[in-house]
Amino acid sequence: MAENRDHWASRIGFILAAAGSAIGLGNLWKFPYITWHNNGGAFVLVYLVCVLAIGLPIMMAEILIGRRTQKSPVPAFEELGNRGWGLVGLFGVLTGFVILGYYSVIAGWSILSFWQCINWSISGYVAPPEGAFGEFLADAPSQILLSFAFLVATAFIVWRGVSKGIEKAAKFLMPVLFAILAYLVIRVLFFPGIGQTMEFLFRPNFSELPTTGVLEALGHAFFTLSLGMGVMITYGSYMRKSESILRSAAVVVFLDTLIALLACVIMYTIIFSVPGMEDSISASAIGMLFMTLPRLFYTELSGGVLIGPLFYILVAFAALTSTISLLEVIVSFFIDKLKMKRHSATVLSTCIVALCAIFSALSLGAVGFMSEFEIFGGKPGVLSTLDHLAANWMLPLGGLFTTIFVGWFVSRKLALEQLRMVDKSGRSTFYFNLWRFFIRFIAPAAIIAVIIAVILGKDFS
Ligand code: TRP
């Protein structure tokens, strides 16, 4: 079976696809607003520590499981552990449905913002009436149509397979994304707000960091690196034995972090460059990406007619490479465990996800009881509930089981064989021992701290 398995056609294939999964709405939408809420500097520093000390080791652990077994999460856990451990893989598949069910709706908004920007660029800017975004959210047909459009695009790529679909798409989408981002960063470097942005992001002041910020940083590290549900296991299973896990994981983590920070630089600089904007942002930081920015592009920036549409292509592309990875986890499960063909697996899983997406899409004001629905102490609405469930419970739990599995149940020898962190005399390097210490002790302890914080009532979504 392993010989017939599709693999990344090139070394860069895994890196681009995995970076594509990691870089998404988490970087462009969520990170800028939670960093804003947590007052910048100190939060950024704590986040960097979480990414390096916990994110990177867990990413290596997930890739290791996939690369070694050459299987998708459920059979991979079963092979290295036993049937019981397979449940962790199954839990990841379930998490995939939950995340895709709301992520595709938010991703759909980027299509609207893009469309709106194109219209403004062509026919001139007209200020949207007060409350227009709220009306759009409550408009059932638009929400359903846009999220479905996104899902169809995702399914189209997953349908084509690993090397011909996912890898090809990542090889096209990621360079375009980097190019647009680089252009936007260069543009904002000349804006007056750049100094204030740098100070906000990179001058830590720990007295301004809310205590819950530490746990929020850790929870977000999971989400943004696509950890805790088997994406990296699945993508790692298409990796050839000759590739270095450490190097690939390090590049993905670096790119993801860089892009989250650059997204902040772009957005904050535009905001700081407009007098008075800072205060009005604080009221609704969540709306920063879809409400405030489009307006600023056209009213405050020279060249906004170009920057506006480009920026939302960037958001849509980033979201697309993430939804692809989420769907691939589900599809690879159907293929490996239920022995389905890739095409029928893709159609079936997309239909189930579409069903979840309908509920999320209708929960933004269109249908009363779905918008007010509230369980697990989350925020009202199906969409927020799913986000709350995934970010606060499912990903940390999935991550916890993964670290315990790799740290305590997978042998040291097997891990060393996969990571190949040995010196000339064949002994494990200092960094291997450090990795193992973090996987066995530090990462589980940190995740348990997050879970306890959630139980005590902190919401990371
Ligand atoms: N990491 C992506 C983002 O930042 C979202 C994502 C894709 C994800 N696949 C995932 C999150 C798997 C958790 C698990 O937008």
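Whatever order the structure lists them in is the order used to number ligands and atoms, beginning at 1.
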With a cut-off of 3.5 Å and sequence neighbours excluded, list every side-chain donor-acceptor pair involving residues 79-90.
from	atom 1	to	atom 2	distance (Å)
Glu79	OE1	Lys71	NZ	2.6
Asn82	OD1	Gly84	N	3.0
Asn82	OD1	Trp85	N	3.1

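Although no hydrogens or angles enter the test, the distance criterion places a donor-acceptor pair under 3.5 Å between the side chain of Lys241 and the main chain of Arg67. A donor-acceptor pair under 3.5 Å is absent between the side-chain atoms of Ser104 and the main chain of Phe150, judged by distance alone.
Close placement of the Phe272 and Trp36 rings is indicated, their centers lying within 6.0 Å of each other. Between Phe77 and Phe401, the gap from one ring centroid to the other reaches at least 6.0 Å.
Contact shell of ligand 1 (protein heavy atoms, cutoff 4.0 Å): Ser21, Ala22, Gly24, Leu25, Gly26, Asn27, Ile99, Tyr103, Phe223, Thr224, Ser226, Met229, Val231, Ser322, Ser325, Leu326, Leu395.
Between the side chains of Ser237 and Arg5, at least one donor N or O sits under 3.5 Å from an acceptor N or O.
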